[in-house]
Amino acid sequence: MFDRQKKGDRAVLVLPHSRGEGDTARRAEEFAELVKSAGAEVLAVISARVEDPNPRYYIGSGKANEVAEAARALDADLVLVDHLLTPVQERNLEKHLGVRVVDRAGLILDIFAQRARSHEGKLEVELAQLKHLATRLVRGWTHLDAQRGGAIGNRGPGETQLETDRRLLGERVKQLTKRLEKVQVQRGQQRRARLRNTVPRVALVGYTNAGKSTLFNALTTGDVFAADLLFATLDPTVRKLEDLSCGPAVIADTVGFIRELPHDLVAAFRATLAEARDADLLLHVSDAADEERERLHRVVDNVLEEIDAGDVPQLRVMNKIDLAGAEPRIERDASGKPVRVWLSAANGVGLDLLRQALGELLGGERVRSPLHLPLSAGRLHARLKAAGAISGESIDEHGWQLHIDAPRSVIAPLGGGDPAEAKLLQELLAVAE
C-alpha cells in the first residue's frame, strides 16, 4: 500500500466549489465541524473554484501549487479536501503535495472509526474502510515487489506486493461480511421479538448534530453519548418509552445523516438504518435555529428514500427553540393530526407536548377491548397470543375472557380462513372504533 508519512493531524483544508453553488458558506462551516469532530487542527483554509474538474488533481494545477506552498510553509501533516476524490486524484495530490491527502469520504470514515463503540458498529466501520481502501491500493515496498523462490526451477516472478495486498484485503472483507451477517441475524431476531410484542416502534432520524441523542436521553433517561459534534452517535440504541397515553413504546436513536454520505457507509450501517425502516413512526429532528433547516430536511428525506424508509410516517420535531427564540407548541394539519412539535431537548421545554403528540399518533389505531372466545376458537386464541395482542386473560368452562391491546393492523389479518373466527375479529374491531 502507499507508504504515507504520518506525523500528526495539523491540516490545511481545501474547499472546492462551483459558480452556481449558493450554500458555500454553509458547506465550509459543515466541513470545519467534520474536521473538528475528527480531532484535527486547522492551519489554513483555501477555497478553489472548480468548474471543470482536473482529472489529475480535481482542483486546478495552479491551485494545487498554492496548496503545496501553504502545506510546506505551515508544516502541515495532511490536506483535507471537501469533495469525493478518485483514487488517482488522491494519489496524484499526495505525490504533488508531499503530505497525506484525505477526501470527504475518508474523513467521515475516520470519524466513524473513532465513534463506533459496539462490536457490530466496529465491524461495519472496518468493512466500509476496507471497501474504500480497496480502490486506493498502489505499489509500495519495492523490496517485495516480486517475491521469488530460492531453489533452481522455482524462480518464477512470484506474487507482487500489490497482488498480495489485494488478496489479503479481499479475505478480510469476506471474514467481516460473514461476522456481520451473524450479528445482523441476532439483531433481526430482537426486532422480530419487538414486533411480536406489538409494541409501537419509534425511531429518531435527522441531520447530524440536530440534537437527536439529547432528545433520546431526555425522553428515556438514557445515557447515550451526546455532544456538540457531528456523528456523536453511531451505534443503534433502543430504550422503552413510558408515560404515553397509548401505552409503552420503544424508541431507537440512529446515526445522523449528512450530505454526500459515502454509499459504503449507507450500505454498511444496515443495523442502525433498519431501526428507521422498521419503525411505525419517525421523529424527524431538526435544529429550529438553523436557517438551512428546510434544505437539510430534503437531505434526510433523500437518505430515507435510499434505505426504503421514505413511506414511514413522520412527526417533525423542531429542537433547540431556546436558540431560535420560539415557543413550545404542537402544529396540526387540517384534520387535527399532529405534524410538528416545537421544543428544547436540552432544557426539557415542550417534552410533554411531544409525549402528547406521540400518544395521539401511536394510539389512534390501537385496539383496547375485552373479547370472549369460545373453547372452539383455540386456533384464534393461539394466533392472538403469538402476536402479543393479549394483555390479560382468564378461562372457565365457557371459554377465554381476554383483554386485547394491540395495533389494529396486527389484529385485522388474524382471522384466517375460518368464517366464525373472522366474524369474532370483525366484531372486536367494530366495537373498538
May I have the step-by-step check of side-chain contact (heavy atoms from CB on, under 4.5 Å) for D9 and E41, ending in yes or no? CA-CA 6 Å; D9 293 320; E41 176 187 356; over 6 Å; no
Beyond-backbone contact of V79 with V81, side-chain heavy atoms, under 4.5 angstrom: yes
Sequence neighbours excluded, which residues qualify as side chain to side chain donor-acceptor pair (under 3.5 Å) partners of Q175? R172
Could you walk me through whether V349 and D322 pass side-chain contact (heavy atoms from CB on, under 4.5 Å), step by step? CA-CA 9 Å; V349 177; D322 51 321; over 6 Å; no
Applying side-chain contact (heavy atoms from CB on, under 4.5 Å), run through H17 and V50 and close with a yes or a no. CA-CA 6 Å; H17 62 89; V50 179; over 6 Å; no
With a 3.5 Å distance limit and no angle check, can you tell me whether R10 reaches the backbone of L74 through a side-chain donor-acceptor pair? yes
Candidate list R340, H297, K320, test side-chain hydrogen bond (donor to acceptor under 3.5 Å, both in side chains), partner S286, passing option: H297
With a 3.5 Å distance limit and no angle check, can you tell me whether Q89 reaches the backbone of T86 through a side-chain donor-acceptor pair? yes
Check whether any side-chain N or O of N92 sits under 3.5 Å from a backbone N or O of Y57 as a donor-acceptor pair, and report yes or no. no
Heavy-atom side-chain contact between V202 and V250 under 4.5 Å: no
Inspect the surroundings of CD in E294 and state if more than 12 heavy atoms from other residues, nucleotides or ligands are less than 6.0 Å away. yes
Is it true that a side-chain atom of N319 and a backbone atom of D287 form a donor plus acceptor pair closer than 3.5 Å? no
Take atom CG in D333; do more than 12 heavy atoms of anything else shown fall under 6.0 Å from it? yes
More than 12 foreign heavy atoms under 6.0 Å from CD of E327: is that the case here? no
Ion pair present between R201 and D280, side-chain N to carboxylate O less than 4.0 angstrom? yes
Verdict with reasoning, I46 to V12, per side-chain contact (heavy atoms from CB on, under 4.5 Å): CA-CA 8 Å; I46 299 176; V12 172; 4.0 Å; yes
